[in-house]
Amino acid sequence: MNGEDIRPVCTGYELLDTLPIGVVVLNEDHTVIYWNRILEKWTGISRNSIEHMPIQSKFPGMLTPGVLLRLQDVFTSGIPAVFSSQLHTRILPVTLPGGRMQIQNVTITPVLTPEGSYHALFAIEDVTDLTNRILGFRRMRDQALEEVAERKKAEEGLRVANKKLNLLSSVTRHDILNQLTALLGFVGLAKEMADDPELHEYLDISEKAANNIKRQVEFTRDYEDLGVKAPVWHRVEETVRSEAGSLKMGEITLETDLNGLMIFADPLFSKVFYNLIDNTIRYGEKTTKIQVFWSREGTDLRLIYVDDGVGVPADKKERIFRRGFGKNTGLGLFLIREILDITGLSIKETGNESEGARFEIFIPDGAFRF
Amino acid sequence: MNREPASLTEDQMDAFAELINIGMGRAAGMLNDMTRAHITLQIPMIRVIRKTDLSGEIYEDPDETLAFVEMDFRGPFSGVTGLIFPAESAKNLVAIMAGDEQSSDDFDAIRIATLTEIGNIVLNSVMGSITNVLGCRVSYSIPQFSEGTLSSITISTIPDNAEFSLLIKTRFIIEKLAIEGNILMVLDIGSMDTLLFAIEKVTEG
(Lines give C-alpha, C1' and ligand atoms only; values in the text may rest on other atoms or scores of the structure.)
Protein backbone atom coordinates (compact mmCIF):
# COMPACT_ATOMS: atom_id res chain seq x y z
CA MET A 1 0.00 0.00 0.00
CA ASN A 2 1.22 3.51 -0.83
CA GLY A 3 1.77 5.59 2.31
CA GLU A 4 -0.02 8.56 0.74
CA ASP A 5 -3.25 6.57 0.60
CA ILE A 6 -3.52 6.46 4.39
CA ARG A 7 -5.40 9.61 5.30
CA PRO A 8 -5.28 10.93 8.83
CA VAL A 9 -8.59 12.80 8.59
CA CYS A 10 -11.80 10.76 8.33
CA THR A 11 -14.64 12.39 6.34
CA GLY A 12 -17.04 9.46 6.73
CA TYR A 13 -17.01 8.82 2.98
CA GLU A 14 -14.01 6.41 2.96
CA LEU A 15 -16.30 3.43 2.51
CA LEU A 16 -17.06 4.73 -0.97
CA ASP A 17 -13.45 3.94 -1.97
CA THR A 18 -14.50 0.34 -2.44
CA LEU A 19 -17.28 1.10 -4.93
CA PRO A 20 -16.72 0.40 -8.64
CA ILE A 21 -18.14 3.81 -9.59
CA GLY A 22 -16.73 7.32 -9.45
CA VAL A 23 -17.76 9.29 -6.37
CA VAL A 24 -17.14 12.96 -5.63
CA VAL A 25 -18.72 14.89 -2.75
CA LEU A 26 -19.11 18.65 -2.91
CA ASN A 27 -20.21 21.08 -0.28
CA GLU A 28 -22.45 24.03 -0.95
CA ASP A 29 -19.66 26.25 -2.27
CA HIS A 30 -18.65 23.44 -4.66
CA THR A 31 -15.48 22.57 -2.77
CA VAL A 32 -14.46 18.93 -3.14
CA ILE A 33 -14.82 17.15 0.20
CA TYR A 34 -14.18 13.68 -1.09
CA TRP A 35 -12.75 12.15 -4.28
CA ASN A 36 -12.72 8.36 -4.47
CA ARG A 37 -10.10 5.97 -5.86
CA ILE A 38 -11.99 5.20 -9.04
CA LEU A 39 -11.99 8.91 -9.91
CA GLU A 40 -8.25 9.06 -9.20
CA LYS A 41 -7.83 6.20 -11.68
CA TRP A 42 -10.20 7.63 -14.32
CA THR A 43 -8.90 11.21 -14.23
CA GLY A 44 -5.29 10.83 -13.08
CA ILE A 45 -6.06 13.48 -10.47
CA SER A 46 -5.13 12.43 -6.93
CA ARG A 47 -7.47 13.22 -4.07
CA ASN A 48 -4.71 15.20 -2.38
CA SER A 49 -4.56 17.59 -5.31
CA ILE A 50 -8.33 18.16 -5.60
CA GLU A 51 -9.86 17.83 -2.12
CA HIS A 52 -10.50 21.21 -0.44
CA MET A 53 -10.37 22.85 -3.88
CA PRO A 54 -13.38 24.12 -5.88
CA ILE A 55 -14.31 21.47 -8.45
CA GLN A 56 -14.20 24.15 -11.16
CA SER A 57 -10.45 24.57 -10.56
CA LYS A 58 -9.86 21.19 -12.23
CA PHE A 59 -13.05 20.94 -14.31
CA PRO A 60 -14.04 24.48 -15.33
CA GLY A 61 -16.81 23.32 -17.71
CA MET A 62 -18.42 20.79 -15.39
CA LEU A 63 -21.06 22.93 -13.67
CA THR A 64 -22.99 24.22 -16.66
CA PRO A 65 -26.01 26.48 -15.90
CA GLY A 66 -28.35 23.50 -16.34
CA VAL A 67 -26.38 21.31 -13.93
CA LEU A 68 -25.86 24.20 -11.53
CA LEU A 69 -29.60 24.91 -11.29
CA ARG A 70 -30.42 21.35 -10.34
CA LEU A 71 -27.41 21.06 -8.05
CA GLN A 72 -28.78 24.08 -6.23
CA ASP A 73 -32.05 22.17 -5.66
CA VAL A 74 -30.05 19.36 -4.09
CA PHE A 75 -28.48 21.80 -1.64
CA THR A 76 -31.65 23.73 -0.84
CA SER A 77 -34.42 21.10 -0.97
CA GLY A 78 -32.45 17.90 -0.45
CA ILE A 79 -33.96 16.38 -3.62
CA PRO A 80 -31.77 13.95 -5.56
CA ALA A 81 -31.02 14.69 -9.21
CA VAL A 82 -30.24 12.25 -11.98
CA PHE A 83 -28.42 13.06 -15.22
CA SER A 84 -28.80 10.59 -18.04
CA SER A 85 -26.20 9.88 -20.70
CA GLN A 86 -28.58 10.69 -23.54
CA LEU A 87 -29.35 14.22 -22.35
CA HIS A 88 -25.89 15.10 -21.00
CA THR A 89 -23.36 12.52 -22.30
CA ARG A 90 -21.13 13.32 -19.34
CA ILE A 91 -20.92 15.50 -16.26
CA LEU A 92 -17.28 14.94 -15.36
CA PRO A 93 -15.07 14.78 -18.47
CA VAL A 94 -13.03 11.57 -18.44
CA THR A 95 -10.82 10.59 -21.39
CA LEU A 96 -10.68 6.87 -22.09
CA PRO A 97 -7.64 5.05 -23.48
CA GLY A 98 -7.73 5.73 -27.21
CA GLY A 99 -8.96 9.29 -26.74
CA ARG A 100 -12.74 8.75 -26.63
CA MET A 101 -14.73 10.43 -23.87
CA GLN A 102 -16.44 8.37 -21.20
CA ILE A 103 -20.26 8.27 -21.34
CA GLN A 104 -21.82 8.62 -17.90
CA ASN A 105 -25.02 8.31 -15.90
CA VAL A 106 -24.78 10.51 -12.81
CA THR A 107 -26.91 10.63 -9.68
CA ILE A 108 -26.51 13.46 -7.20
CA THR A 109 -27.73 12.48 -3.75
CA PRO A 110 -28.07 14.94 -0.88
CA VAL A 111 -26.26 13.94 2.31
CA LEU A 112 -27.50 15.72 5.42
CA THR A 113 -24.62 16.98 7.56
CA PRO A 114 -24.68 17.32 11.35
CA GLU A 115 -24.82 21.09 10.78
CA GLY A 116 -28.13 20.76 8.95
CA SER A 117 -26.83 21.61 5.50
CA TYR A 118 -26.45 19.22 2.57
CA HIS A 119 -23.44 17.77 0.82
CA ALA A 120 -23.95 16.71 -2.79
CA LEU A 121 -22.71 13.20 -3.48
CA PHE A 122 -22.10 12.57 -7.19
CA ALA A 123 -22.26 8.87 -8.09
CA ILE A 124 -20.76 8.60 -11.58
CA GLU A 125 -21.38 5.41 -13.52
CA ASP A 126 -19.34 4.62 -16.63
CA VAL A 127 -21.92 3.49 -19.19
CA THR A 128 -19.67 3.79 -22.26
CA ASP A 129 -19.61 0.06 -23.04
CA LEU A 130 -23.30 -0.38 -22.23
CA THR A 131 -24.26 2.60 -24.41
CA ASN A 132 -22.13 1.43 -27.32
CA ARG A 133 -23.55 -2.08 -27.07
CA ILE A 134 -27.12 -0.74 -27.01
CA LEU A 135 -26.43 1.55 -29.95
CA GLY A 136 -24.85 -1.38 -31.80
CA PHE A 137 -27.84 -3.53 -30.96
CA ARG A 138 -30.20 -0.79 -32.17
CA ARG A 139 -28.30 -0.56 -35.46
CA MET A 140 -28.47 -4.33 -35.89
CA ARG A 141 -32.14 -4.32 -35.05
CA ASP A 142 -32.85 -1.46 -37.45
CA GLN A 143 -30.96 -3.26 -40.18
CA ALA A 144 -32.82 -6.51 -39.48
CA LEU A 145 -36.18 -4.68 -39.50
CA GLU A 146 -35.23 -2.98 -42.74
CA GLU A 147 -34.34 -6.33 -44.26
CA VAL A 148 -37.58 -7.87 -43.05
CA ALA A 149 -39.52 -4.97 -44.56
CA GLU A 150 -37.61 -5.37 -47.84
CA ARG A 151 -38.23 -9.11 -47.82
CA LYS A 152 -41.94 -8.63 -47.11
CA LYS A 153 -42.12 -6.20 -49.98
CA ALA A 154 -40.31 -8.62 -52.28
CA GLU A 155 -42.52 -11.51 -51.11
CA GLU A 156 -45.63 -9.45 -51.79
CA GLY A 157 -44.28 -8.61 -55.25
CA LEU A 158 -43.59 -12.29 -55.91
CA ARG A 159 -47.02 -13.27 -54.62
CA VAL A 160 -48.70 -10.85 -57.00
CA ALA A 161 -46.47 -11.95 -59.89
CA ASN A 162 -47.13 -15.62 -59.06
CA LYS A 163 -50.86 -14.98 -58.96
CA LYS A 164 -50.73 -13.35 -62.38
CA LEU A 165 -48.60 -16.16 -63.81
CA ASN A 166 -50.96 -18.77 -62.39
CA LEU A 167 -53.91 -16.95 -63.91
CA LEU A 168 -52.15 -16.78 -67.26
CA SER A 169 -51.18 -20.45 -66.97
CA SER A 170 -54.74 -21.44 -66.03
CA VAL A 171 -56.33 -19.52 -68.92
CA THR A 172 -53.75 -20.83 -71.42
CA ARG A 173 -54.17 -24.40 -70.15
CA HIS A 174 -57.92 -24.13 -70.49
CA ASP A 175 -57.61 -22.84 -74.06
CA ILE A 176 -55.07 -25.53 -75.07
CA LEU A 177 -57.24 -28.31 -73.57
CA ASN A 178 -60.26 -26.99 -75.50
CA GLN A 179 -58.26 -27.06 -78.72
CA LEU A 180 -56.93 -30.54 -77.88
CA THR A 181 -60.45 -31.83 -77.29
CA ALA A 182 -61.41 -30.55 -80.73
CA LEU A 183 -58.24 -32.01 -82.25
CA LEU A 184 -58.78 -35.44 -80.64
CA GLY A 185 -62.42 -35.40 -81.77
CA PHE A 186 -61.49 -34.70 -85.35
CA VAL A 187 -58.63 -37.24 -85.27
CA GLY A 188 -61.18 -39.83 -84.05
CA LEU A 189 -63.57 -38.92 -86.89
CA ALA A 190 -60.70 -39.02 -89.41
CA LYS A 191 -59.69 -42.47 -88.12
CA GLU A 192 -63.23 -43.71 -88.70
CA MET A 193 -63.21 -42.32 -92.24
CA ALA A 194 -59.66 -43.36 -93.21
CA ASP A 195 -59.44 -46.58 -95.19
CA ASP A 196 -55.77 -46.30 -95.97
CA PRO A 197 -53.84 -48.30 -93.30
CA GLU A 198 -50.81 -46.00 -93.60
CA LEU A 199 -53.00 -42.94 -93.03
CA HIS A 200 -54.65 -44.75 -90.10
CA GLU A 201 -51.24 -45.37 -88.59
CA TYR A 202 -50.35 -41.68 -88.91
CA LEU A 203 -53.65 -40.73 -87.28
CA ASP A 204 -52.91 -43.16 -84.39
CA ILE A 205 -49.53 -41.48 -83.88
CA SER A 206 -51.21 -38.04 -84.00
CA GLU A 207 -53.80 -39.15 -81.46
CA LYS A 208 -51.10 -40.49 -79.13
CA ALA A 209 -49.12 -37.26 -79.43
CA ALA A 210 -52.23 -35.20 -78.68
CA ASN A 211 -52.97 -37.34 -75.61
CA ASN A 212 -49.39 -36.86 -74.41
CA ILE A 213 -49.78 -33.10 -74.81
CA LYS A 214 -53.00 -33.30 -72.84
CA ARG A 215 -51.33 -35.15 -69.94
CA GLN A 216 -48.38 -32.75 -69.96
CA VAL A 217 -50.70 -29.77 -69.86
CA GLU A 218 -52.70 -31.35 -67.05
CA PHE A 219 -49.47 -31.91 -65.14
CA THR A 220 -48.91 -28.16 -65.06
CA ARG A 221 -52.08 -27.87 -62.99
CA ASP A 222 -50.57 -30.09 -60.24
CA TYR A 223 -47.18 -28.44 -60.43
CA GLU A 224 -48.73 -24.98 -60.22
CA ASP A 225 -50.22 -25.84 -56.81
CA LEU A 226 -46.95 -27.24 -55.46
CA GLY A 227 -45.70 -25.38 -52.37
CA VAL A 228 -48.45 -22.78 -52.60
CA LYS A 229 -50.29 -23.92 -49.48
CA ALA A 230 -48.69 -24.59 -46.09
CA PRO A 231 -47.70 -28.20 -45.36
CA VAL A 232 -50.08 -30.28 -43.23
CA TRP A 233 -50.04 -33.63 -41.38
CA HIS A 234 -51.18 -36.59 -43.51
CA ARG A 235 -52.37 -39.97 -42.20
CA VAL A 236 -50.36 -42.25 -44.50
CA GLU A 237 -52.68 -45.27 -44.22
CA GLU A 238 -55.71 -43.21 -45.31
CA THR A 239 -53.77 -41.54 -48.11
CA VAL A 240 -52.46 -44.81 -49.57
CA ARG A 241 -55.85 -46.56 -49.37
CA SER A 242 -57.68 -43.58 -50.84
CA GLU A 243 -55.31 -43.26 -53.82
CA ALA A 244 -55.32 -47.02 -54.47
CA GLY A 245 -59.13 -46.88 -54.43
CA SER A 246 -59.13 -44.23 -57.14
CA LEU A 247 -57.09 -46.42 -59.53
CA LYS A 248 -57.93 -49.66 -61.36
CA MET A 249 -55.91 -52.12 -59.25
CA GLY A 250 -57.23 -55.22 -61.01
CA GLU A 251 -55.74 -58.32 -59.31
CA ILE A 252 -53.09 -56.32 -57.46
CA THR A 253 -53.48 -56.45 -53.67
CA LEU A 254 -52.42 -53.76 -51.23
CA GLU A 255 -50.86 -54.56 -47.85
CA THR A 256 -50.02 -51.84 -45.34
CA ASP A 257 -48.35 -51.87 -41.95
CA LEU A 258 -48.30 -48.23 -40.92
CA ASN A 259 -49.61 -48.13 -37.30
CA GLY A 260 -51.05 -44.63 -37.44
CA LEU A 261 -48.02 -43.02 -39.07
CA MET A 262 -48.49 -39.34 -39.94
CA ILE A 263 -46.21 -37.28 -42.15
CA PHE A 264 -45.82 -33.52 -42.39
CA ALA A 265 -45.84 -32.72 -46.09
CA ASP A 266 -47.21 -30.51 -48.85
CA PRO A 267 -51.01 -30.80 -49.39
CA LEU A 268 -50.18 -32.58 -52.71
CA PHE A 269 -48.65 -35.49 -50.74
CA SER A 270 -51.45 -37.82 -51.91
CA LYS A 271 -50.05 -37.46 -55.47
CA VAL A 272 -46.93 -39.31 -54.27
CA PHE A 273 -48.90 -42.51 -53.72
CA TYR A 274 -51.18 -41.92 -56.68
CA ASN A 275 -48.16 -41.80 -58.99
CA LEU A 276 -46.30 -44.70 -57.33
CA ILE A 277 -49.34 -46.98 -57.57
CA ASP A 278 -50.11 -45.73 -61.11
CA ASN A 279 -46.52 -46.59 -62.15
CA THR A 280 -46.81 -50.06 -60.61
CA ILE A 281 -50.07 -50.72 -62.49
CA ARG A 282 -48.69 -49.35 -65.78
CA TYR A 283 -45.16 -50.75 -65.82
CA GLY A 284 -45.03 -53.57 -63.24
CA GLU A 285 -46.14 -56.09 -65.89
CA LYS A 286 -46.39 -59.02 -63.45
CA THR A 287 -47.32 -57.22 -60.27
CA THR A 288 -49.58 -59.04 -57.81
CA LYS A 289 -48.87 -57.19 -54.61
CA ILE A 290 -48.01 -53.73 -53.26
CA GLN A 291 -46.70 -53.33 -49.69
CA VAL A 292 -46.32 -50.08 -47.76
CA PHE A 293 -44.61 -50.08 -44.34
CA TRP A 294 -41.96 -48.15 -42.40
CA SER A 295 -38.73 -48.81 -40.55
CA ARG A 296 -36.82 -46.76 -38.00
CA GLU A 297 -33.42 -45.37 -38.74
CA GLY A 298 -32.09 -43.86 -35.51
CA THR A 299 -34.31 -40.88 -34.78
CA ASP A 300 -35.46 -40.76 -38.43
CA LEU A 301 -37.80 -42.99 -40.36
CA ARG A 302 -38.01 -44.71 -43.76
CA LEU A 303 -41.37 -45.17 -45.45
CA ILE A 304 -41.06 -48.09 -47.86
CA TYR A 305 -43.18 -48.80 -50.94
CA VAL A 306 -42.57 -52.22 -52.55
CA ASP A 307 -44.16 -54.04 -55.48
CA ASP A 308 -43.34 -57.42 -57.00
CA GLY A 309 -43.34 -56.28 -60.61
CA VAL A 310 -40.43 -56.21 -63.06
CA GLY A 311 -38.54 -53.57 -61.08
CA VAL A 312 -36.27 -50.75 -62.26
CA PRO A 313 -32.99 -51.45 -64.09
CA ALA A 314 -29.91 -50.43 -62.10
CA ASP A 315 -28.86 -47.79 -64.65
CA LYS A 316 -32.23 -46.05 -64.46
CA LYS A 317 -32.70 -45.82 -60.67
CA GLU A 318 -31.75 -42.16 -60.50
CA ARG A 319 -32.79 -41.11 -63.99
CA ILE A 320 -36.45 -42.07 -63.42
CA PHE A 321 -36.78 -38.98 -61.18
CA ARG A 322 -35.67 -36.62 -63.93
CA ARG A 323 -38.30 -34.50 -65.64
CA GLY A 324 -39.30 -35.99 -68.99
CA PHE A 325 -37.71 -39.40 -68.36
CA GLY A 326 -40.08 -42.37 -68.67
CA LYS A 327 -42.52 -44.17 -70.83
CA ASN A 328 -45.59 -41.97 -70.28
CA THR A 329 -45.33 -38.26 -69.54
CA GLY A 330 -42.08 -38.63 -67.61
CA LEU A 331 -43.42 -36.27 -65.01
CA GLY A 332 -44.88 -38.50 -62.27
CA LEU A 333 -41.71 -39.40 -60.34
CA PHE A 334 -40.29 -35.93 -60.94
CA LEU A 335 -43.41 -34.47 -59.30
CA ILE A 336 -43.10 -36.94 -56.38
CA ARG A 337 -39.55 -35.83 -55.61
CA GLU A 338 -40.57 -32.15 -55.82
CA ILE A 339 -43.55 -32.66 -53.48
CA LEU A 340 -41.46 -34.48 -50.87
CA ASP A 341 -38.61 -32.00 -51.07
CA ILE A 342 -40.80 -29.14 -49.84
CA THR A 343 -40.75 -30.47 -46.25
CA GLY A 344 -37.25 -32.01 -46.41
CA LEU A 345 -38.28 -35.54 -47.38
CA SER A 346 -36.35 -37.44 -50.03
CA ILE A 347 -36.96 -40.53 -52.15
CA LYS A 348 -34.82 -43.11 -53.92
CA GLU A 349 -35.37 -46.42 -55.70
CA THR A 350 -33.49 -49.28 -54.00
CA GLY A 351 -35.10 -52.45 -55.41
CA ASN A 352 -33.48 -55.28 -57.39
CA GLU A 353 -34.49 -55.55 -61.02
CA SER A 354 -36.78 -58.53 -61.63
CA GLU A 355 -37.71 -58.72 -57.94
CA GLY A 356 -39.81 -55.57 -58.16
CA ALA A 357 -39.61 -51.84 -57.44
CA ARG A 358 -38.74 -50.56 -53.96
CA PHE A 359 -39.08 -46.85 -53.18
CA GLU A 360 -37.73 -45.57 -49.84
CA ILE A 361 -38.89 -42.19 -48.58
CA PHE A 362 -36.54 -40.72 -45.98
CA ILE A 363 -38.41 -38.76 -43.27
CA PRO A 364 -36.30 -36.78 -40.79
CA ASP A 365 -37.14 -36.51 -37.11
CA GLY A 366 -39.89 -33.92 -36.61
CA ALA A 367 -41.57 -34.57 -39.95
CA PHE A 368 -43.39 -37.69 -38.72
CA ARG A 369 -45.48 -38.70 -35.73
CA PHE A 370 -47.90 -41.44 -34.67
CA MET B 1 -58.99 -2.14 10.45
CA ASN B 2 -59.16 1.64 10.02
CA ARG B 3 -62.40 3.41 9.39
CA GLU B 4 -62.65 5.92 6.62
CA PRO B 5 -61.10 9.19 7.79
CA ALA B 6 -63.18 12.34 7.96
CA SER B 7 -63.29 14.29 4.70
CA LEU B 8 -61.32 17.50 4.34
CA THR B 9 -63.20 20.69 5.03
CA GLU B 10 -63.80 23.03 2.14
CA ASP B 11 -61.19 25.49 3.43
CA GLN B 12 -58.65 22.74 3.91
CA MET B 13 -59.39 21.41 0.45
CA ASP B 14 -58.95 24.88 -1.10
CA ALA B 15 -55.68 25.48 0.70
CA PHE B 16 -54.45 22.05 -0.20
CA ALA B 17 -55.50 22.39 -3.86
CA GLU B 18 -53.71 25.73 -4.05
CA LEU B 19 -50.53 24.21 -2.68
CA ILE B 20 -50.72 21.31 -5.11
CA ASN B 21 -51.45 23.71 -7.97
CA ILE B 22 -48.25 25.58 -7.27
CA GLY B 23 -46.26 22.35 -7.51
CA MET B 24 -48.12 20.98 -10.52
CA GLY B 25 -47.93 24.35 -12.25
CA ARG B 26 -44.19 24.44 -11.81
CA ALA B 27 -43.94 20.88 -13.11
CA ALA B 28 -45.98 21.83 -16.17
CA GLY B 29 -43.70 24.81 -16.68
CA MET B 30 -40.72 22.49 -16.54
CA LEU B 31 -42.31 20.17 -19.13
CA ASN B 32 -43.09 23.20 -21.25
CA ASP B 33 -39.44 24.30 -21.09
CA MET B 34 -38.26 20.82 -22.01
CA THR B 35 -40.60 20.24 -24.95
CA ARG B 36 -41.17 23.85 -26.04
CA ALA B 37 -44.83 22.98 -26.51
CA HIS B 38 -48.04 24.09 -24.83
CA ILE B 39 -49.07 21.95 -21.86
CA THR B 40 -52.74 21.62 -20.94
CA LEU B 41 -53.01 20.95 -17.23
CA GLN B 42 -56.28 19.76 -15.74
CA ILE B 43 -57.52 20.70 -12.30
CA PRO B 44 -56.00 18.34 -9.71
CA MET B 45 -58.23 15.56 -8.43
CA ILE B 46 -57.79 15.20 -4.67
CA ARG B 47 -59.44 12.22 -3.04
CA VAL B 48 -59.15 9.97 -0.01
CA ILE B 49 -59.14 6.40 -1.27
CA ARG B 50 -58.59 2.88 -0.02
CA LYS B 51 -55.06 1.67 -0.68
CA THR B 52 -56.48 -1.41 -2.38
CA ASP B 53 -58.26 0.87 -4.90
CA LEU B 54 -55.14 2.85 -5.69
CA SER B 55 -54.24 1.20 -9.02
CA GLY B 56 -57.75 1.56 -10.41
CA GLU B 57 -57.86 5.24 -9.47
CA ILE B 58 -54.48 6.00 -10.99
CA TYR B 59 -55.22 4.90 -14.54
CA GLU B 60 -58.39 4.15 -16.42
CA ASP B 61 -57.25 1.33 -18.69
CA PRO B 62 -55.87 -1.64 -16.70
CA ASP B 63 -54.42 -3.29 -19.83
CA GLU B 64 -52.52 -0.32 -21.23
CA THR B 65 -48.72 -0.46 -21.04
CA LEU B 66 -47.50 2.38 -18.88
CA ALA B 67 -44.17 3.97 -18.10
CA PHE B 68 -43.83 5.17 -14.53
CA VAL B 69 -41.13 7.21 -12.78
CA GLU B 70 -41.57 7.49 -9.03
CA MET B 71 -39.82 8.89 -6.00
CA ASP B 72 -40.92 8.25 -2.47
CA PHE B 73 -40.47 10.78 0.28
CA ARG B 74 -40.45 10.65 4.05
CA GLY B 75 -40.48 13.33 6.69
CA PRO B 76 -43.22 15.37 8.36
CA PHE B 77 -45.43 13.97 5.60
CA SER B 78 -44.69 10.83 3.63
CA GLY B 79 -45.78 9.24 0.41
CA VAL B 80 -44.86 8.75 -3.19
CA THR B 81 -44.87 11.08 -6.16
CA GLY B 82 -44.79 9.87 -9.72
CA LEU B 83 -45.04 10.70 -13.37
CA ILE B 84 -47.07 8.13 -15.28
CA PHE B 85 -47.51 7.92 -19.06
CA PRO B 86 -48.91 5.54 -21.61
CA ALA B 87 -45.79 3.86 -23.04
CA GLU B 88 -46.35 5.47 -26.43
CA SER B 89 -46.37 8.97 -24.91
CA ALA B 90 -43.23 8.19 -22.93
CA LYS B 91 -41.43 7.12 -26.11
CA ASN B 92 -42.55 10.28 -27.89
CA LEU B 93 -41.27 12.39 -25.02
CA VAL B 94 -37.87 10.68 -25.00
CA ALA B 95 -37.65 11.03 -28.76
CA ILE B 96 -38.38 14.76 -28.58
CA MET B 97 -36.07 15.41 -25.65
CA ALA B 98 -33.12 13.42 -26.92
CA GLY B 99 -33.55 13.74 -30.67
CA ASP B 100 -33.70 9.96 -30.51
CA GLU B 101 -35.14 8.49 -33.66
CA GLN B 102 -37.74 5.92 -32.73
CA SER B 103 -36.08 2.99 -34.39
CA SER B 104 -37.47 0.46 -31.95
CA ASP B 105 -40.23 0.19 -29.40
CA ASP B 106 -38.01 -1.01 -26.57
CA PHE B 107 -37.31 0.85 -23.39
CA ASP B 108 -33.62 0.02 -23.36
CA ALA B 109 -31.22 1.21 -20.65
CA ILE B 110 -30.49 4.48 -22.49
CA ARG B 111 -34.14 5.43 -22.84
CA ILE B 112 -34.95 4.34 -19.29
CA ALA B 113 -32.19 6.62 -17.95
CA THR B 114 -33.49 9.52 -20.07
CA LEU B 115 -37.07 9.06 -18.94
CA THR B 116 -35.93 8.72 -15.33
CA GLU B 117 -34.16 12.07 -15.63
CA ILE B 118 -37.22 13.72 -17.19
CA GLY B 119 -39.36 12.32 -14.36
CA ASN B 120 -36.83 13.49 -11.83
CA ILE B 121 -36.88 17.06 -13.17
CA VAL B 122 -40.68 17.24 -13.18
CA LEU B 123 -41.14 15.58 -9.78
CA ASN B 124 -38.43 17.70 -8.17
CA SER B 125 -40.26 20.81 -9.25
CA VAL B 126 -43.52 19.54 -7.72
CA MET B 127 -41.98 18.50 -4.44
CA GLY B 128 -39.46 21.32 -4.23
CA SER B 129 -42.13 23.99 -4.54
CA ILE B 130 -44.42 22.31 -1.97
CA THR B 131 -41.71 21.79 0.64
CA ASN B 132 -40.35 25.26 0.03
CA VAL B 133 -43.78 26.82 0.67
CA LEU B 134 -44.28 24.73 3.78
CA GLY B 135 -40.70 25.24 4.93
CA CYS B 136 -40.23 21.60 5.88
CA ARG B 137 -37.48 19.09 5.18
CA VAL B 138 -38.25 15.80 3.49
CA SER B 139 -35.91 13.01 2.41
CA TYR B 140 -36.32 11.39 -1.01
CA SER B 141 -35.50 8.14 -2.70
CA ILE B 142 -33.59 8.07 -5.99
CA PRO B 143 -36.16 8.13 -8.85
CA GLN B 144 -37.09 4.73 -10.14
CA PHE B 145 -38.49 3.65 -13.49
CA SER B 146 -40.90 0.82 -14.17
CA GLU B 147 -42.89 -0.29 -17.18
CA GLY B 148 -45.90 -2.53 -17.55
CA THR B 149 -49.63 -2.68 -17.00
CA LEU B 150 -51.05 -1.27 -13.80
CA SER B 151 -51.13 -4.70 -12.17
CA SER B 152 -47.40 -5.18 -12.78
CA ILE B 153 -46.38 -1.72 -11.53
CA THR B 154 -46.07 -1.47 -7.79
CA ILE B 155 -46.84 1.95 -6.40
CA SER B 156 -44.45 2.01 -3.48
CA THR B 157 -46.61 3.57 -0.83
CA ILE B 158 -45.23 3.65 2.65
CA PRO B 159 -45.96 0.32 4.34
CA ASP B 160 -47.85 1.73 7.31
CA ASN B 161 -51.01 0.26 8.78
CA ALA B 162 -53.34 2.83 7.31
CA GLU B 163 -56.03 1.54 5.03
CA PHE B 164 -56.45 4.85 3.20
CA SER B 165 -54.25 7.19 1.19
CA LEU B 166 -54.72 10.66 -0.17
CA LEU B 167 -54.47 10.60 -3.95
CA ILE B 168 -53.68 13.78 -5.86
CA LYS B 169 -53.72 13.39 -9.61
CA THR B 170 -53.24 15.97 -12.34
CA ARG B 171 -53.63 15.04 -15.95
CA PHE B 172 -51.56 16.85 -18.55
CA ILE B 173 -51.76 16.80 -22.32
CA ILE B 174 -49.22 18.05 -24.88
CA GLU B 175 -51.51 17.80 -27.89
CA LYS B 176 -48.98 18.95 -30.46
CA LEU B 177 -46.60 16.12 -29.55
CA ALA B 178 -49.17 13.38 -28.85
CA ILE B 179 -48.08 13.16 -25.23
CA GLU B 180 -50.36 12.72 -22.25
CA GLY B 181 -49.85 11.57 -18.71
CA ASN B 182 -50.53 12.10 -15.05
CA ILE B 183 -48.57 13.64 -12.23
CA LEU B 184 -49.41 11.79 -9.04
CA MET B 185 -48.91 12.19 -5.37
CA VAL B 186 -50.04 9.53 -2.95
CA LEU B 187 -49.88 10.74 0.62
CA ASP B 188 -49.70 8.50 3.61
CA ILE B 189 -52.91 9.28 5.47
CA GLY B 190 -51.06 9.38 8.78
CA SER B 191 -49.25 12.46 7.46
CA MET B 192 -52.45 14.40 6.80
CA ASP B 193 -52.68 16.16 10.15
CA THR B 194 -49.06 17.32 9.95
CA LEU B 195 -49.56 18.49 6.41
CA LEU B 196 -52.80 20.34 7.15
CA PHE B 197 -51.18 21.95 10.17
CA ALA B 198 -48.30 23.12 7.99
CA ILE B 199 -50.72 24.47 5.38
CA GLU B 200 -52.77 26.31 8.02
CA LYS B 201 -49.61 27.81 9.45
CA VAL B 202 -48.58 29.11 6.04
CA THR B 203 -52.04 30.45 5.13
CA GLU B 204 -52.45 32.15 8.51
CA GLY B 205 -48.95 33.59 8.38
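FYI, side chains are in, hydrogens and waters are out, and symmetry mates aren't considered; it's all heavy atoms of this structure.
Figure legend: A:R369 and A:F264 shown without cation-pi pairing, the cationic atom not lying both under 6.0 angstrom from the six-membered ring centre and within 45 degrees of its axis.
Remark: A:R159 engages A:E156 in a salt bridge, criterion side-chain N to carboxylate O under 4.0 Å.
Within the 4.5 angstrom heavy-atom criterion, no atom of B:S125 approaches chain A. Within the 4.5 angstrom heavy-atom criterion, only side-chain atoms of A:L112, from C-beta onward, approach chain B. For A:T107, the part lying near chain B is the side chain, with the backbone staying farther off; criterion is any non-hydrogen pair under 4.5 Å. Both the backbone and the side chain of A:I79 come within contact range of chain B, with heavy atoms under 4.5 Å apart. Contact annotation for B:S139: neither backbone nor side-chain heavy atoms come within less than 4.5 Å of a heavy atom of chain A. Interface residue B:N132: only side-chain heavy atoms are found under 4.5 Å from chain A.
Here OG of B:S89 is found 11.5 Å from CD1 of B:I84. Values are rounded to the nearest 0.5 Å.
Using a 4.5 Å heavy-atom cutoff, the side chains of A:I38 and A:L19 are not in contact. Between B:Y140 and B:D72 the shortest side-chain heavy-atom distance does not fall below 4.5 Å. A 4.5 Å side-chain heavy-atom check between B:H38 and B:I174 finds every atom pair outside the cut-off. No side-chain heavy atom of A:L26 sits less than 4.5 Å from a side-chain heavy atom of A:Y34.
Residues B:E117 and A:H88 have side chains that bring a donor and an acceptor to within less than 3.5 angstrom of each other.
Applying the side-chain hydrogen bond (donor to acceptor under 3.5 Å, both in side chains) rule to A:R100 yields no partners; only residues at least two apart in sequence or on another chain are considered.
Ranked by heavy-atom pairs shorter than 4.5 Å toward chain B, the options A:S85, A:G116, A:P110 are led by A:G116. Chosen from B:L123, B:T131, B:I142, the residue pairing most often with chain A at heavy-atom distances under 4.5 Å is B:I142.
Annotation: residues 61-68 of chain A contacts chain B through no residue [non-hydrogen atoms, separation under 4.5 Å].
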Next item on the list: Dump the intermediate steps for salt bridge (charged side-chain N to carboxylate O under 4.0 Å, His left out) on A:R141 and B:D108, then the final yes or no.
Entry: CA-CA 13 Å; A:R141 190 191 151 117; B:D108 56 33; over 6 Å; no

